[in-house]
Amino acid sequence: MSKYVLSLDQGTSSSRAIIFDDKGQQIAVAQKEFRQIYPQSGWVEHDAQEIWETQYAMAVEAINKSKVSFSAIKAIGITNQRETTLVWDKATGEPIYHAIVWQDRRTAGFCEELVEKGKKDFINQKTGLLIDAYFSATKLKWILDNVEGARKRAENGELLFGTMDTWLIWKLTKGDVHVTDVTNASRTMLYNINHLDWDTELLDLFEIPRQVLPQVKSSSEVYGYTAEGVFEQSLPIAGIAGDQQAALFGQLCTQSGMVKNTYGTGCFMLMNVGEKPVLSSNKLLTTIAWQINGKVNYALEGSVFMAGAIVQWLRDGLQIIKSSSEVEELASTSEDNGGVYVVPAFTGLGAPYWNAKAKGTIFGLSRGSESAHIARAALESIAYQVMDVLNAMEADSGIKISELRVDGGAVVNNLLMQFQADVLGAVVVRPQISETTAVGVAYLAGLAVGVWEDVDEIQQQWVIDKKFTSQHSEVVNENINQWKRAVKAVTYWTEI
Ligand SMILES: Nc1ncnc2c1ncn2[C@@H]1O[C@H](COP(=O)(O)OP(=O)(O)O)[C@@H](O)[C@H]1O
Ligand SMILES: O=P(O)(O)OC[C@H](O)CO
């Protein structure tokens with residue numbers, strides 16, 4: 001009889017639930033978007049109750065759609081938007097404030113102060129992270145400082161902190177289990193990735209009482225069981241991973257030097273660097289990839305803020321396409337970019353630049369420029385940004401990357417994938433399973449309960465859909481040079 005795993009994929013814009021069978025095949029999926037709350041410019045919040053309600057409803061819907069019996073579902077795996085920060089009352093289960101989302105910039109000023117105080121290396125060596133409002137620590141501090149009475153209640157042990165994995169498990173177990181895993185902990189800026197524990201000096205720096213923090217577990221073990229009445233039958237919760245780490249696992253990048261890139265709204269590239277952390281000299285992050293059977297794997301990570309989002313802008317802002325999928329056809333009507341370059345720094349530039357003040361810019365317009373050139377330049381800009389991150393990764397790791405495994409909504413675009421291979425001078429490989437995040441955590445959960453014996457067994461389930469081989473040429477070299485000049489010009493504009 002087949003065995004099944006339920007994956008809960010709690011993302012930034014929607015809650016999804018997917019049932020996988022033991023061949024890694026998707027049996028049923030349910031997805032629901034929830035509200036994005038923008039109380040002020042630069043602030044982004046989620047209603048944590050809505051996250052729980054949508055995630056729970058999707059789990060029930062996916063189970064019903066799958067027609068799989070509860071006894072055949074062997075485990076639940078949870079993967080989530082990372083860093084998003086919630087504090088709730090231990091006794092009532094009520095959040096004391098909305099969840100502050102990873103994109104929220106309200107603590108940027110405090111982060112600048114920390115940099116000015118010379119805390120950069122101190123924090124980087126302990127956490128692998130750069131000081132930024134992106135991570136949970138300053139968000140948690142903000143809640144304790146700004147919600148009336150919160151700090152006192154936290155010190156009295158009345159409040160709990162968690163990222164979305166922790167919150168969902170606490171709800172699924174009706175308040176019985178308060179845990180997270182190493183991958184999520186490694187994004188808080190409170191966790192020491194060398195000692196694998198919350199770091200006392202960091203807790204002091206950010207004034208965080210230890211008693212609010214969840215227990216940190218591996219990414220693959222039974223953390224607890226769903227409480228009575230949640231589902232028809234109690235199910236073990238056996239896998240947790242931040243969504244980008246889950247995708248790295250779902251892409252079976254289990255050997256040191258293997259790299260995946262996810263092309264969604266933004267891009268997240270992760271490289272498995274093995275069992276020792278590698279600190280970056282090129283403004284990448286060091287993070288924990290997973291912990292299985294006591295063994296920790298580390299990763300280097302680079303994020304690009306604007307990837308698929310530039311295509312959304314062509315659709316909603318410029319209105320030169322009606323749907324994202326039309327971009328490939330429009331870009332293909334021109335043989336080249338006609339000398340047009342887009343630097344999509346609409347919300348600054350991410351890795352490896354970390355220029356928060358950069359603005360989006362289009363270069364090289366002429367009377368002959370057409371919407372096709374802009375569409376092509378926009379797609380090319382995604383590939384150049386990924387190239388910059390990959391080059392930084394090669395420099396940090398000392399490894400020449402010859403293959404990039406890709407996933408995410410934009411990888412259906414063959415023109416983009418071919419151009420990506422061309423500028424990287426590497427093979428771009430698109431697997432058949434597109435839900436790499438959800439399948440990644442299904443694997444982590446299934447490994448813990450024996451659905452799969454080991455990684456070797458899972459390895460065979462990763463099947464290639466299409467390989468894009470590099471056709472690197474002089475023209476591509478020239479394109480890359482022009483891109484570099486464009487980024488320099490944007491940087492100059494920012495400085496002025
Ligand atoms: N054919 C396409 N070419 C390029 N980008 C696309 C295409 N189809 C979808 N996208 C982009 O992919 C993104 C959605 O991917 P998804 O993985 O669902 O993102 P997220 O998880 O960040 O919401 C959108 O930004 C969309 O514009
Ligand atoms: O929910 P996603 O797919 O946009 O991913 C968000 C990342 O985990 C943020 O670090």
Side-chain angles (χ1 to χ4, degrees), residues 8-16 29 31 33-34 36 44 46 51 55 78-85 99-104 129-130 132-136 139 163-165 183-184 186-189 240-248 250 260-270 285 287 299 301-318 321-332 344 346-347 350-351 375-376 378-383 386 406-420 430 434-438 440-441:
L8 305 183
D9 181 358
Q10 203 301 295
T12 310
S13 50
S14 70
S15 298
R16 295 148 65 71
V29 56
Q31 174 169 11
E33 290 193 10
F34 50 79
Q36 305 293 314
V44 190
H46 290 159
I51 285 194
Q55 191 63 75
I78 298 187
T79 181
N80 54 291
Q81 54 167 325
R82 305 165 304 167
E83 301 97 10
T84 297
T85 300
I100 302 184
V101 178
W102 58 277
Q103 297 153 322
D104 189 291
L129 306 175
L130 299 167
D132 196 87
Y134 180 11
F135 308 106
S136 315
K139 298 179 196 293
T163 39
M164 290 307 103
D165 52 317
T183 69
N184 279 292
S186 74
R187 313 297 295 188
T188 59
M189 217 156 77
I240 313 176
D243 54 11
Q244 301 310 322
Q245 286 93 331
L248 188 70
K260 75 90 196 178
N261 190 42
T262 301
Y263 298 75
T265 311
C267 275
F268 293 90
M269 190 190 293
L270 270 77
L285 308 173
T287 203
E301 172 172 333
S303 348
V304 165
F305 299 149
M306 193 89 178
I310 186 77
V311 177
Q312 289 168 304
W313 180 70
L314 298 182
R315 185 192 61 195
D316 307 334
L318 288 189
I321 47 172
K322 286 202 187 65
S323 68
S324 293
S325 58
E326 281 179 24
V327 70
E328 186 169 358
E329 199 187 324
L330 176 61
S332 303
F346 290 56
T347 51
R376 200 172 186 110
L379 288 179
E380 289 184 1
S381 76
I382 301 173
V386 169
V406 298
D407 53 67
V411 300
V412 292
N413 191 318
N414 289 330
L415 184 103
L416 170 62
M417 292 300 106
Q418 183 57 54
F419 190 71
Q420 186 69 83
R430 186 171 66 195
S434 55
E435 295 292 351
T436 52
T437 299
V441 85

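As the structure lists them, so they are numbered: ligands from 1, and atoms in each ligand from 1. All residue numbers refer to positions in the sequence shown, counting from 1.
- One distance of note links CG of Asn413 with CZ of Arg430; it measures 9.0 Å at 0.5 Å rounding.
- Counted within 6.0 Å of CD on Gln312, heavy atoms from surrounding residues, nucleotides or ligands total more than 12; the atom is thus considered enclosed.
- Remark: the Ser186 side chain and the Thr287 side chain contain an N/O donor-acceptor pair separated by less than 3.5 Å.
- Without hydrogens or angle criteria, Arg187 side chain to Ser136 main chain gives no donor-acceptor distance under 3.5 Å.
- How far CD of Glu328 is from CE of Met417: 9.5 Å, rounded to the nearest 0.5 Å.
- Panel note: side chain Glu326, backbone Arg315; no donor-acceptor pair is recorded below 3.5 Å.
- Within 4.0 Å of ligand 1, protein heavy atoms belong to Ser13, Gly264, Thr265, Gly308, Ala309, Val311, Gln312, Ser324, Ser325, Val327, Gly408, Gly409, Ala410, Val412, Asn413, listed by chain and number.
- Side chains of Gln420 and Tyr263: a donor on one and an acceptor on the other come within 3.5 Å.
- Listed by chain and number, Gly11, Thr12, Gln81, Arg82, Glu83, Trp102, Tyr134, Asp243, Gln244, Phe268 each place a non-hydrogen atom less than 4.0 angstrom from ligand 2.
- Taking a cutoff of 4.0 Å between a charged side-chain nitrogen and a carboxylate oxygen, Arg82 and Glu301 qualify as a salt bridge.
- Taking the six-membered ring where the residue is Trp, Phe34 and His46 present perpendicular rings, their angle passing 60° and hence far from 30°.
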